[in-house]
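Contents: one structure, followed by commentary.
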Amino acid sequence: MGKKYRSQYISLTVRLALAFSVLYKVEASDFTPVSYAVRTITISSTGAIDPISAKPYPCLRLVKWLTPTTDASLIYRAINLEAGAIFDRRMLLSIEKRLMELPYFSTVSIIPKVVDANGNSHLSDLIIQTKDRFPITFDLNLNEGPLLSITHHNAWGHGHGLTQEFFLKKRWGYGCTYELPKLHGNYFFGGQFYNQVEDTYGFNYRNLWMGKLCAIRAKTSSLPYYWITGLSGYIKQFSASPSVSDTLHNPYHNYRLILGKVGWVADGYTTIRGVHQLNVLEKLPNGGSIEVLYGYQNGACNNRHYVGINGIKNIVHPTFRYLHLSFESGAFIYKKTVEEAILKLILAYSGPPIRTCNGARQFVAINYIIGYQMPQERVLGIRPRDPASLEPLEQDNRLQEPIYGRLNVQLQSTLHKPIVIQTIRFVCLGFTHFIGLYNQSNQLLNETWVDNYGVGVQLEHVRMSWPTVACTIGYSPLLGKIVPSVQLSIGHFKNKKTLNPTLIAYS
């Protein structure tokens, strides 16, 4: 019996060893990356509005001319592969992600076609298929200028960027920005020229600037990194200004300003469903930035230094959705003393649907701004306003005291799952906004914390990628009146990669 059990034990051990060896070989084959050698690269690009009819309408012909197909040279430059180079599946995924991070394509597909399987590295052709996204975007800003901006992200199909800015609200003028694409970081050139006319004052404003992105090659598949540098020059001349007794802090004087900045950006993007829009995949920034500014102002009243620091952090997570944190700070320094300063803090959160509440989603936004030794004409308003405005207190301000600090807390919730009627998807909204206004001694000025509350509806198209429209109506106990609102939402969060060095806005 002993020999029988011994032989059975040996047989079972051998079988287990063979089984584990087979499993190990299968697992190793599954996780061992197969390498390929590039023979040829074939690029097939499709324009944003292709296919097009044989006899298009004149307007469609104009749109086709404005949206050229992305040139293959941009794709060759982004993939950085030559004939004979070795690659694997992981590298292809990295290249596909790199192409999707460019502002040119809506879809990217990379297909390896093996032509010779002999040897350690299979000889393969690469077939890259891309579909362009519509390269022209519009930006409407009712609080800060310019009022309308039109940007072409892929002019002539070679990645050149052109932005046209139109100042049409209190300011009248024009601005332009040109982006010159380069392999290791693009160059930017821009300028703004406008006149602002108010009831009591008016001025002419000129600004020329240039900037440079300095790309950092990451050795891993982490977020792309780059440095940003910028230099700008400002000239502001008043054509009419009121008399101000405090000449040291007089904001109505002519000045020249040289301002520069250095920043660092981790600029990645993550696709996630239903953050701003109702039930579609959205490409949202995931990363952050930090920048330091320094400038020198030469004015008619005094010469002074300017220092500032700004930062942004965006977090995308499948569980809690989206979190945005940012701060901006700036100060004028005169004779080693802080003459005036401003600080902004922003927190925004978008949560996932709550199943127990019929799929309702919550949105939270907290904004805090505080000033230090601001002149009377720079005091804050109850509502954000034009940052170049030097108006006195608003007519609807019943506090009878200047505002040096403002806290806004906005709570908004969708009340149910999105409902689709034909081509429109919509949800009903409920919102409550709180506000705290503070004087120079940090004392609360308003008697009620409730800014406004009400209901609304959020609309979007089912198939077309149009901006989401939110129409709300509420009552403001602070102002004692009805407050209607219509908002076009394309995306509220972004990484700070603006190359134009600017002063922090007093709004």
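For Arg98 against Ile79, the heavy-atom pair with the smallest separation is NH1-O, 3.5 Å. In terms of heavy atoms, Tyr294 sits closest to Val307 at CD1-CG1, 3.9 Å.
A centroid separation of less than 6.0 Å is found between the aromatic rings of Trp264 and Tyr225.
When Thr67, Thr69, Thr70 are each tested for a side-chain contact (heavy atoms from CB on, under 4.5 Å) with Asn154, only one passes: Thr70. The only option from Ser94, Pro112, Ser35 that meets the side-chain contact (heavy atoms from CB on, under 4.5 Å) definition with Arg89 turns out to be Pro112.
A side-chain N or O of Thr151 and one of Thr163 form a donor-acceptor pair less than 3.5 Å apart. When only modelled atom types and interatomic distance are considered, Ser44 and Gln129 share no side-chain donor-acceptor pair under 3.5 Å. Looking at Asn408 and Arg406, their side chains do bring a donor and an acceptor atom within 3.5 Å of each other. Using modelled atom types and a 3.5 Å distance limit, the side chains of His160 and Tyr178 yield a donor-acceptor pair. Checking Gln362 against Gln412 by side-chain atom types alone, no donor-acceptor pair falls below 3.5 Å. Of the N and O atoms on the side chains of His416 and Asn358, not one donor lies less than 3.5 Å from an acceptor on the other residue. No donor-acceptor contact under 3.5 angstrom links the side chains of Thr502 and Asn500, judged on distance only.
With contacts defined as side-chain heavy-atom distances shorter than 4.5 Å, the pair Ile309/Phe327 qualifies. Taking 4.5 Å as the limit, some side-chain heavy atom of Phe105 sits within range of a side-chain heavy atom of Ile75. Here the side chains of Leu503 and Leu257 are in contact, with some heavy-atom distance below 4.5 Å.
A cation-pi arrangement is not found for Lys236 relative to Tyr205, the charged atom failing to lie both closer than 6.0 Å to the ring centre and inside a 45° cone about the ring normal.
Side-chain atoms of Thr414 come within 3.5 Å of backbone N or O of Arg361 as a donor-acceptor pair. At least one donor-acceptor pair closer than 3.5 Å links the side chain of Ser106 to the backbone N or O of Lys131. At distances below 3.5 Å, not a single donor-acceptor pair connects side-chain atoms of Lys417 with backbone N or O atoms of Pro353. The backbone N or O of Gly311 lies less than 3.5 Å from no partner atom in the side chain of Ser326, so there is not a single donor-acceptor pair. Judged by distance alone, with hydrogens and angles left aside, the side-chain atoms of Asp88 form a donor-acceptor pair with the main-chain N or O of Met91 at under 3.5 Å.
For Arg206, the CZ atom sits in a packed shell: over 12 heavy atoms of surrounding residues, nucleotides or ligands are nearer than 6.0 Å. Heavy-atom neighbours of Phe189 CZ from other residues, nucleotides or ligands within 6.0 Å: above the threshold of 12.
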Ring pair (Phe, Tyr, Trp, His ring centres under 6.0 Å) assessment of Phe431 paired with His433: CA-CA 7 Å; Phe431 67 89; His433 297 170; 5.1 Å; yes
Check step by step if salt bridge (Lys or Arg N to Asp or Glu O under 4.0 Å) holds for Arg383 and Asp451. CA-CA 11 Å; Arg383 300 284 180 265; Asp451 184 11; 2.9 Å; yes
side-chain contact (heavy atoms from CB on, under 4.5 Å) assessment of Ile369 paired with Ile342: CA-CA 7 Å; Ile369 178 172; Ile342 196 79; 4.0 Å; yes
